[in-house]
Amino acid sequence: MKYRYYQILIAIFVLLTGLCSSCSKWLDRKPDSKLVVISTLNDLQSLLNNDGQLLQSFSAQPEIASDNYYLTNGSFNGLSQENRDRYIWSTKADAATLYDAWAKCYGDIYIANLVLENLERIKINEGEKDDYNSIKGQALFIRSWAMYHLVLIWTNPYSTTANDELGVPIRKSIDPAEVFVRPPLEENYTSMISDLKEAINLLPPQIDYKTRPSKAAAYGLLARIYLKMNDYENALQNASDCLKTYSTLLDYNTINAAANAPFPQFNTEVVYHCTTVAGSINQPIDYRTGVVDSTLYKMFDDFDIRKRAFFGNNADGTHYFKGNYMGSRSYARFNGLCTDEIWLISAECKARLSDIKGALEDLNTLRKNRYPTGNFFLLTEDSSPDIIQLTLDERRKQLCFRSGIRWLDIKRLSNDTKYKINPRRVIEGREYLLLKEGFRSPIPKNVVEISGIEQH
């Protein structure tokens, strides 16, 4: 792999991810990307094969901010001040460690842009056209995937005021001295959607490596983004297109639900494999620290295989989460794309659009793979007076601790008076509520100081 020279460029770029408007004041010379000769499609695919950069180390901040778990007083007091602030949605958090998350996402965007710019310079023959298209599609997906995570952490929920809300800087160049500002949030979504629509026309439907983007993954991410925008028609269309391309579900009857790590890595539901960063920065959600929210645990009936596969028993009668789609228990969390999520997007959108029969069919398709043979019961219109709430409940259960998903739901439903989620924390008798200001993490101070971009 020809990573070495490329990683030098990436490292230099990460130093500049403050998106500084005054780089020339503190850099005597600007790195010249032309010093690295990229001459073949293999060179570009090598960049995109850098799994350690592109598929790991996404921030677990969205999961830390979720209400899937709680901390005891002792666990909370044992955290660093920064992790305490992150747990209670404090807007005063210094967020020093979130600089790594910011830099990681813009580092990924840099790789994508480096590939896209060099791709235009490479002459190919007719036999290389499919590879060329795949590489371009992968780069576009990766750029959108990184932007999605930036938006999830550092911006307010999408709403009708998205043109008046601040987004995060958009980079479509590898020039580190180019001046960037925070555009309207609407432009972030426009950029992501544009990249993914182009990627869909370039990527193969499926791929042998779940660590590479496919057409199914691009449809899936588009469905998630449109759901985040409360655009149910487009979310349903892309979820349907994803399921037409790949729809396989894992039969939970085939796993050992009692195992410490019941789910194999790259299992049959995975469309795109990706994980959060590992390490003590995730201490609040480590299985030895974070206690599963009792309301969540009680949502599972005793026949549901998920109750045994997702949770283990603590000595004090509480529970910890063990159902990671990573094949192991660790500080890291799976945060990729899977077919279970897409089936649930389809179900919710159908319910929102008054296709109750279709919503129930999707829910039952998923649930019949989650119950023992003989103990599965069909959901019907008589199961609940509110089918939308029923789909949200199934989403809550199936995707719990899937990093970022619950936080996405908390944010996107914040303006929905009927289905709004109101998470709270209680520490030593003091109650903390999630206020509007807590929906976005503070941009790391060193980024603001170097670049001069706006914090709010």
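Numbers here are sequence positions counted from 1.
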Let's go through Asp108 and Arg143 carefully: what are the C-alpha distance in whole Å and the side-chain angles of both, what is the deciding distance for salt bridge (Lys or Arg N to Asp or Glu O under 4.0 Å) to 0.1 Å, and is it a yes or a no?
CA-CA 7 Å; Asp108 289 1; Arg143 187 164 70 184; over 6 Å; no
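With respect to the salt-bridge test (charged N to carboxylate O, under 4.0 angstrom), the residues Glu348 and Arg412 qualify. Between Lys215 and Asp241 there is no salt bridge, since none of the side-chain N atoms of the basic residue sits less than 4.0 Å from a carboxylate O of the acidic one. Remark: Arg367 does not engage Asp304 in a salt bridge, criterion side-chain N to carboxylate O under 4.0 Å. Using a 4.0 Å cut-off between a side-chain N of Lys or Arg and a carboxylate O of Asp or Glu, Glu454 and Arg182 do not qualify as a salt bridge. One finds no salt bridge joining Glu63 and Arg86 here, because no Lys/Arg side-chain nitrogen approaches an Asp/Glu carboxylate oxygen to under 4.0 Å. Look at Arg402 and Glu269 and you find no salt bridge, because none of the NZ, NE, NH1 or NH2 atoms lies under 4.0 Å from a carboxylate O. At a threshold of 4.0 Å, the pair Asp416-Arg352 counts as salt-bridged, since one of the basic side-chain nitrogens sits closer than that to a carboxylate oxygen.
Counting only heavy atoms from C-beta outward, the side chains of Leu166 and Thr155 never approach each other to under 4.5 Å. Between Ser214 and Pro205, the closest side-chain pair of non-hydrogen atoms is not below 4.5 Å. No side-chain heavy atom of Phe180 sits under 4.5 Å from any side-chain heavy atom of Val168. Side-chain atoms of Ile225 and Tyr158, non-hydrogen and from C-beta on, never get closer than 4.5 Å to each other. Side-chain contact between Leu353 and Leu236 is present, with heavy atoms from C-beta onward closer than 4.5 Å. Ile135 has its side chain within reach of Leu48: a pair of non-hydrogen atoms, C-beta onward, lies under 4.5 Å apart.
The shortest heavy-atom contact between Arg425 and Tyr69 is NH1-O, 3.5 Å. Nearest heavy-atom pair, Asn234 versus Asp231, reported as atom, atom and distance to 0.1 Å: ND2-OD2, 2.9 Å.
Under the 30°/60° scheme for interplanar angles, the aromatic rings of Tyr272 and Trp145 are found to stand perpendicular. The aromatic rings of Phe263 and Phe310 are tilted relative to each other, their planes meeting at an angle between 30° and 60°.
Both the sub-6.0 Å distance and the 45° axial angle are satisfied by Lys307 relative to the ring of Tyr297. A cation-pi arrangement is absent between Arg306 and Phe300, since the terminal nitrogen or guanidinium carbon is not both under 6.0 Å from the aromatic centre and inside a 45° cone about the axis. The side-chain tip of Arg171 does not point at the ring of Tyr110 from less than 6.0 angstrom away and within 45° of straight on.
Looking only at atom types and distance, the side chain of Asn335 has a donor-acceptor partner in the side chain of His149 under 3.5 Å away. A donor-acceptor contact closer than 3.5 angstrom links the side chains of Ser346 and Asp362. In the model, Thr268 has a side-chain atom that pairs as donor or acceptor with a side-chain atom of Tyr246 under 3.5 Å. For the 3.5 Å distance criterion, the side chains of Lys350 and Tyr232 fail to qualify, holding no donor opposite an acceptor.
We find the CG-CD distance between Leu116 and Gln138 to be 11.0 Å, quoted to the nearest 0.5 Å. Atom-to-atom distance recorded for Asp355:CG and Glu361:CD is 7.5 Å, nearest 0.5 angstrom.
Ring centroids of Phe321 and Phe401 are separated by less than 6.0 Å, placing the two rings close together. Ring to ring, Phe311 and Tyr320 are not that close: their centroids are 6.0 angstrom or more apart. Close placement of the Phe334 and His273 rings is indicated, their centers lying within 6.0 Å of each other. Ring-centre distance between Tyr371 and Phe377: below the 6.0 Å cut-off.
Side chain of Thr254 to backbone of Asp251: a donor-acceptor contact under 3.5 angstrom is found. Distance alone, capped at 3.5 Å, places no donor-acceptor pair between the Asn324 side chain and the Pro262 backbone.
Looking at Lys397, Gln398, Arg396 one by one, the single match for side chain to side chain donor-acceptor pair (under 3.5 Å) with Glu394 turns out to be Lys397.
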